[in-house]
Protein chains: 2
Amino acid sequence: MPETRVESVEKALSILEAFSNEQPSLTLTEIATETGLYKSNVSRLTASLERYGYLKREADRRFRLGPALWRLGALYRRSFELGESIRPVLRQLVAETGETASFYVLDQDERLCLYRENSTEPVRHHLDEGARLPLHAGAAGHVLSAYSFQDAKAKARLAQDGSCVSTGERNPHIASVAAPVVDATGQFHGALAVSGPLQRLSDTALEMARLRVLLAAQGLGRDML
Amino acid sequence: MPETRVESVEKALSILEAFSNEQPSLTLTEIATETGLYKSNVSRLTASLERYGYLKREADRRFRLGPALWRLGALYRRSFELGESIRPVLRQLVAETGETASFYVLDQDERLCLYRENSTEPVRHHLDEGARLPLHAGAAGHVLSAYSFQDAKAKARLAQDGSCVSTGERNPHIASVAAPVVDATGQFHGALAVSGPLQRLSDTALEMARLRVLLAAQGLGRDML
DNA sequence: TAGATTGTTGCGTAGAGTGGAACACATGCC
DNA sequence: GGCATGTGTTCCACTCTACGCAACAATCTA
């Protein structure tokens with residue numbers, strides 16, 4: 001098998017992966033150590049990335065992510081067309097439950113928060129759009145696992161009642177419920193979730209939230225082309 | 001001069017550029033013709049892009065942009081930290097003027113709408129975040145030209161009163177005013193603009209909007225670190 | 001001034017990337 | 001059904017790119 005891939009491209013992309021919330025700007029040597037590439041190599045790769053607007057170099061010679069990413073990212077999200085229909089649903093869930101509502105899709109081996117509406121409560125589960133969370137924990141994680149891979153355990157959990165619940169699994173203080181959004185053709189689109197502080201989401205409150213999420217997810221799936 | 005760049009990387013990036021609002025999904029051959037690359041080549045490049053989540057392949061074998069772009073795009077925008085301070089300002093401008101307010105940064109040789117708050121009027125200048133517009137026309141375009149390149153003409157225009165006005169320049173029915181956001185260190189960050197239908201923005205309304213934009217831009221610059 | 005650190009450039013060579021053809025696999029059309 | 005058309009993948013040989021490394025600038029530090 002003749003390795004159907006392009007190495008230098010993957011190196012370039014791994015440079016972009018080196019940036020994070022904690023390290024939004026990097027020097028060339030930082031990138032080199034982070035990625036394990038040679039400085040000269042990084043220098044040439046970044047030149048191309050910069051030329052296309054995927055990186056930009058500040059006056060202090062540090063690299064930052066470039067505007068092209070935001071442009072294409074917006075394009076990606078728009079291509080869902082879900083946004084317009086999902087946002088109102090999230091807002092309604094927030095109004096109904098008082099907790100934070102969000103929508104996740106799969107990104108590699110993690111889940112990506114595509115949309116979210118935060119609770120208005122002072123104590124709440126706050127999360128940024130674009131954040132990545134693990135797949136192995138949390139209600140939405142289980143839903144995505146079940147549909148994206150053939151995760152038997154997660155699928156069994158879903159089969160029970162069509163939704164997932166997690167209490168203090170990923171974060172000991174947070175409970176969440178999630179349900180899959182599936183359209184009329186059976187296509188899976190993502191996971192709808194409500195999450196909040198464990199102490200506020202008692203058994204009955206959690207069950208009510210679960211029902212509301214389930215209802216909202218089904219509604220979304222039905223309304224989709 | 002030994003061409004400090006990596007060709008295959010640039011090819012891969014140009015594949016991403018092939019996607020647009022009009023063509024959010026492409027087949028392999030479409031990409032090949034669009035970019036002028038060979039199918040076999042595209043096949044290998046897309047494999048790498050897909051592996052890193054920059055593209056994804058649907059069930060119908062068509063390519064779409066991938067979630068990694070949204071994640072990194074969100075990261076890029078967050079790295080500004082401007083968002084939190086800019087949004088309220090935009091909202092206030094909308095409230096004051098009744099028109100659409102937006103914030104632009106430079107992206108290559110164009111301008112990129114990073115934030116915008118749409119007017120609530122039924123007839124309004126609507127624009128999506130992430131949209132790209134030309135640099136050579138429109139008030140915000142002139143501001144960006146003046147600061148990003150040493151565009152003498154645009155700079156002279158700014159020197160007059162610290163802002164730019166354009167009436168029916170890019171679009172015959174739209175007028176706009178824009179001012180630069182410059183922090184205490186003299187660093188230029190972007191262009192703040194208000195735009196709306198020409199007929200509603202009479203001379204006096206336009207002048208009032210200009211003053212408000214100018215004021216808001218100065219306030220933003222002052223409040224920035 | 002000496003020394004450390006960061007980034008760029010030059011160069012030879014290995015080997016990656018490429019073009020092209022040949023091959024599978026669907027669809028459509030008579 | 002058979003034949004044509006279009007799409008995507010795989011194979012192979014050749015070329016030239018991309019890479020490692022060293023040497024070189026260019027800044028900081030002290």
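Letters A, B, ... mirror the listed sequences (proteins, then strands); counts begin at 1.
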For this session: In sequence, state the C-alpha distance, the side-chain angles, and the governing distance for B/Ser14 and B/Thr35, and then conclude on side chain to side chain donor-acceptor pair (under 3.5 Å).
Result: CA-CA 7 Å; B/Ser14 71; B/Thr35 58; 5.5 Å; no
Exercise. With a non-hydrogen cut-off below 4.0 angstrom, is A/Ser40 in contact with a base, only sugar-phosphate, or nothing?
Worked result: base
Problem set entry | Distance below 4.0 Å between B/Arg5 side-chain N/O and C/dT8 OP1 or OP2 | no
Exercise. Is the phosphate of C/dT27, meaning OP1 or OP2, less than 4.0 Å from a side-chain N or O of B/Arg61?
Worked result: no
Exercise. Can A/Arg62 and A/Thr27 be counted as having a side-chain donor-acceptor contact under 3.5 angstrom?
Worked result: no
Exercise. If you measure from the Lys or Arg side-chain nitrogens to the Asp or Glu carboxylate oxygens, is any gap between B/Glu17 and A/Arg71 under 4.0 Å?
Worked result: yes
For this session: Could you tell me the separation between the CD atom of B/Glu50 and the C1' atom of D/dT9, rounded to a whole number of Å?
Result: 14 Å
Exercise. When you measure from the side chain of B/Ser8, which nucleotide among C/dA16, D/dT9, D/dA18 comes out closest?
Worked result: D/dA18
Exercise. Roughly, in whole Å, what's the span from CG in A/Leu37 to C1' in D/dC19?
Worked result: 10 Å
For this session: Using whole Å, report how far CG of B/Leu45 lies from P of D/dT10.
Result: 15 Å
Problem set entry | Nucleotide D/dA22, atom C1' - distance to NZ of A/Lys39 in whole Å | 12 Å
Exercise. OP1 or OP2 of C/dG7 sitting under 4.0 Å from any side-chain N/O of A/Ser43?
Worked result: no
Exercise. Is B/Glu50 paired with B/Lys56 through a side-chain N to carboxylate O contact shorter than 4.0 Å?
Worked result: no
Seminar exercise, completed: Looking only at D/dT7, C/dA16, D/dA18, the nucleotide nearest the A/Glu7 side chain is C/dA16
For this session: Evaluate the ring planes of A/Phe103 and A/Tyr115, with Trp represented by its six-membered ring, and classify them as parallel (under 30°), tilted (30 to 60°) or perpendicular (over 60°).
Result: tilted
Exercise. Can you find a side chain N or O atom of B/Asn41 that sits less than 4.0 Å from OP1 or OP2 on C/dG19?
Worked result: yes
Exercise. Between B/Arg57 and D/dT7, is there a side-chain N or O to OP1/OP2 distance below 4.0 Å?
Worked result: no
Problem set entry | Heavy-atom donor-acceptor pair, A/Arg44 side-chain to D/dG20 base, under 3.5 Å | yes
Exercise. A/Arg62 near the nucleic acid: base, sugar-phosphate alone, or nothing, with a heavy-atom cut-off under 4.0 Å?
Worked result: nothing
Exercise. Within this structure, what is the CD1-to-C1' distance between B/Ile31 and D/dG6, rounded to whole angstrom?
Worked result: 16 Å
Problem set entry | Rounded distance (Å) that lies between atom C1' of D/dT27 and atom CG of A/Leu28 | 15 Å
Exercise. Once you round it to whole Å, what is the distance between P of C/dG17 and NZ of B/Lys11?
Worked result: 10 Å
